[in-house]
Amino acid sequence: MMSRARITTEPIEPQALLAGVGDPSRGAVILFLGVVRNHNDGHGVEGIRYDAYDEMARGTLEEILVEAEERYGVGHLAAVHRVGELGIGEVSVAIAVSSAHRAEAFDASRYVIEEIKVRLPVWKKERFEDGTSEWVAGKQPEVSAEGGA
Amino acid sequence: MMSRARITTEPIEPQALLAGVGDPSRGAVILFLGVVRNHNDGHGVEGIRYDAYDEMARGTLEEILVEAEERYGVGHLAAVHRVGELGIGEVSVAIAVSSAHRAEAFDASRYVIEEIKVRLPVWKKERFEDGTSEWVAGKQPEVSAEGGA
Amino acid sequence: MKVRALFFASYREIMGGAEFDVDLPDGATVSDLITLLRGRSDAASVLPSDPAVAVNRSYRTSDALLADGDEVAVIPPVAGG
Amino acid sequence: MKVRALFFASYREIMGGAEFDVDLPDGATVSDLITLLRGRSDAASVLPSDPAVAVNRSYRTSDALLADGDEVAVIPPVAGG
């Protein structure tokens with residue numbers, strides 16, 4: 001069985017992720033997709049390269065899913081982050097959640113993407129239309145004394 | 001072109017709905033699915049029949065999408081509600097939103113499903129495992145004096 | 001004047017039909033129509049006295065005036081999604 | 001003792017490499033390693049003095065003690081999603 005927390009160089013297939021969280025007892029399903037867009041802060045973007053600390057990122061993503069389950073009591077989550085060269089319109093991250101009720105499905109989905117943004121060891125470099133490229137300014141992970149972010 | 005607010009007797013194809021809201025300037029996409037589940041309030045459910053006031057429901061759904069766009073400034077929304085006999089695991093409602101940023105995509109998606117629940121003229125009758133069936137207790141639409149709910 | 005009253009879901013079962021043409025005096029309101037409908041039969045008296053109503057496919061309050069040819073839907077509590 | 005320092009994204013460009021083996025005295029902390037790394041070259045001095053750091057794939061504070069064989073990743077501000 002495919003792991004529910006993945007870092008991949010392959011194109012993300014949202015339909016497969018959705019199928020993975022399906023369950024007859026779950027009435028609400030939410031799929032969140034992050035998509036490479038053609039602009040950022042007024043610059044025309046041609047594509048993005050995502051790099052990850054692969055060996056750590058998979059574990060961190062799994063941790064985030066476990067936290068979302070525990071906080072919101074949702075049963076089924078799956079998430080995948082793509083790395084490598086991505087073009088405009090390609091999916092960089094996908095999160096699928098299913099739950100008996102919609103409120104916690106929304107909360108869990110939101111939690112996962114917010115945590116990804118502040119602690120998943122992934123970086124991106126934008127390629128602009130003028131031929132230049134630049135690492136996107138990110139978020140400094142907050143590290144607590146007990147370990148973990 | 002298919003209308004973005006639909007009431008249909010045909011199975012819902014989430015992928016098609018998603019494709020309909022795609023746009024190179026949108027970085028966040030959210031798909032919400034309501035799925036027929038196998039229990040409700042402790043009863044085993046075998047299926048649900050959805051009825052709608054079709055001629056009104058399409059207009060009400062369109063109104064809800066316009067409101068979500070105006071409130072949250074999101075560009076692309078589409079929603080479809082299915083009617084007729086549905087089995088466990090079938091999709092009863094699907095909402096797709098795309099937006100430049102994720103916060104308003106979440107808010108818009110949530111707004112649409114909450115409004116559907118309180119004003120879309122749709123009803124459902126659950127078929128239980130014991131052979132009985134029952135209209136599900138719903139929400140009384142709040143009607144303001146200016147018209148509209 | 002004449003209006004067309006529409007019923008759905010549980011109200012359709014209560015009323016024993018999906019639609020009825022109803023004669024009303026000029027100046028009648030949504031509330032007047034509901035009163036008349038509830039008096040139609042013993043079963044019909046189960047209809048709430050102030051249900052949600054849509055006139056020509058928009059929700060309207062009970063004091064809304066009706067006009068000849070209006071389509072008046074009596075809307076049970078909704079349960080979509 | 002010896003630890004392996006890993007660099008990613010902009011820090012990899014600053015350091016001119018993805019990983020280095022670094023000799024440290026026993027009792028050295030994450031902070032000691034960063035000080036040593038920043039002194040490696042003029043370019044390396046651009047590294048922040050208190051970056052996020054993961055030891056053996058978990059985030060750790062700058063006062064965390066290191067042990068022989070640790071994998072210490074210096075993590076630039078993250079930008080996933």
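Residue numbers begin at 1 in each chain, while the letters A, B, ... track the order of the sequences.
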Ignoring hydrogens, what is the shortest heavy-atom contact between [X] and [Y]? Give both atom names and the distance.
| X | Y | answer |
| --- | --- | --- |
| D:Thr61 | A:Ser144 | CG2-O, 3.6 Å |
| D:Gly81 | A:Ile113 | CA-CD1, 4.3 Å |
| D:Val78 | A:Pro121 | CG1-CA, 3.9 Å |

Most chain D-contacting option - heavy-atom pairs closer than 4.5 Å, from [options]:
| options | value |
| --- | --- |
| A:Ala94, A:Gly138, A:Gly59 | A:Gly138 |
| A:Lys125, A:Glu134, A:Lys124 | A:Lys124 |
| A:Val35, A:Ile116, A:Leu120 | A:Leu120 |

Kindly compute the distance separating [atom1] ([X]) from [atom2] ([Y]), expressed to the nearest 0.5 Å.
| X | Y | atom1 | atom2 | value |
| --- | --- | --- | --- | --- |
| D:Asp50 | A:Gln140 | CG | CD | 7.0 Å |
| A:Asp51 | D:Arg12 | CG | CZ | 6.5 Å |
| D:Ser58 | A:Met56 | OG | CE | 6.5 Å |
| A:Trp123 | D:Tyr11 | CH2 | OH | 10.0 Å |
| A:Tyr53 | D:Phe7 | OH | CZ | 11.5 Å |

Fill in: chain A interface, residue from D:Ala52, D:Pro51, D:Pro76 that has the most non-hydrogen pairs under 4.5 Å
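The answer is D:Pro76.
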Worksheet item: Tell me, side chain or backbone of A:Lys139 under 4.5 Å from chain D's heavy atoms, or both, or neither?
Response: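 Both the backbone and the side chain of A:Lys139 come within 4.5 Å of chain D.
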Practice prompt. Side chain from CB out, backbone as N, CA, C, O: work out which of these in A:Ala57 comes under 4.5 Å of a heavy atom of chain D, or both, or neither.
Written response: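 Contact with chain D involves no heavy atom of A:Ala57 at all.
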Discussion item. Main chain of A:Arg119, side chain of D:Tyr59: is a donor-acceptor contact present, judged purely on distance under 3.5 Å?
Written reply: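 Yes, D:Tyr59 side chain to A:Arg119 backbone: donor-acceptor pair under 3.5 Å.
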Worksheet entry | Whether A:His81 side chain and D:Gly80 backbone form a donor-acceptor pair below 3.5 Å |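 No.
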Practice prompt. Examine whether an atom of D:Pro48 lies under 4.5 Å from a heavy atom of chain A, and if so say whether it belongs to the side chain, the backbone or both; otherwise answer neither.
Written response: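 Neither part.
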Discussion item. Does A:Gln15, at its CD atom, have more than 12 non-hydrogen atoms belonging to other residues, nucleotides or ligands within less than 6.0 Å?
Written reply: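 Enclosed.
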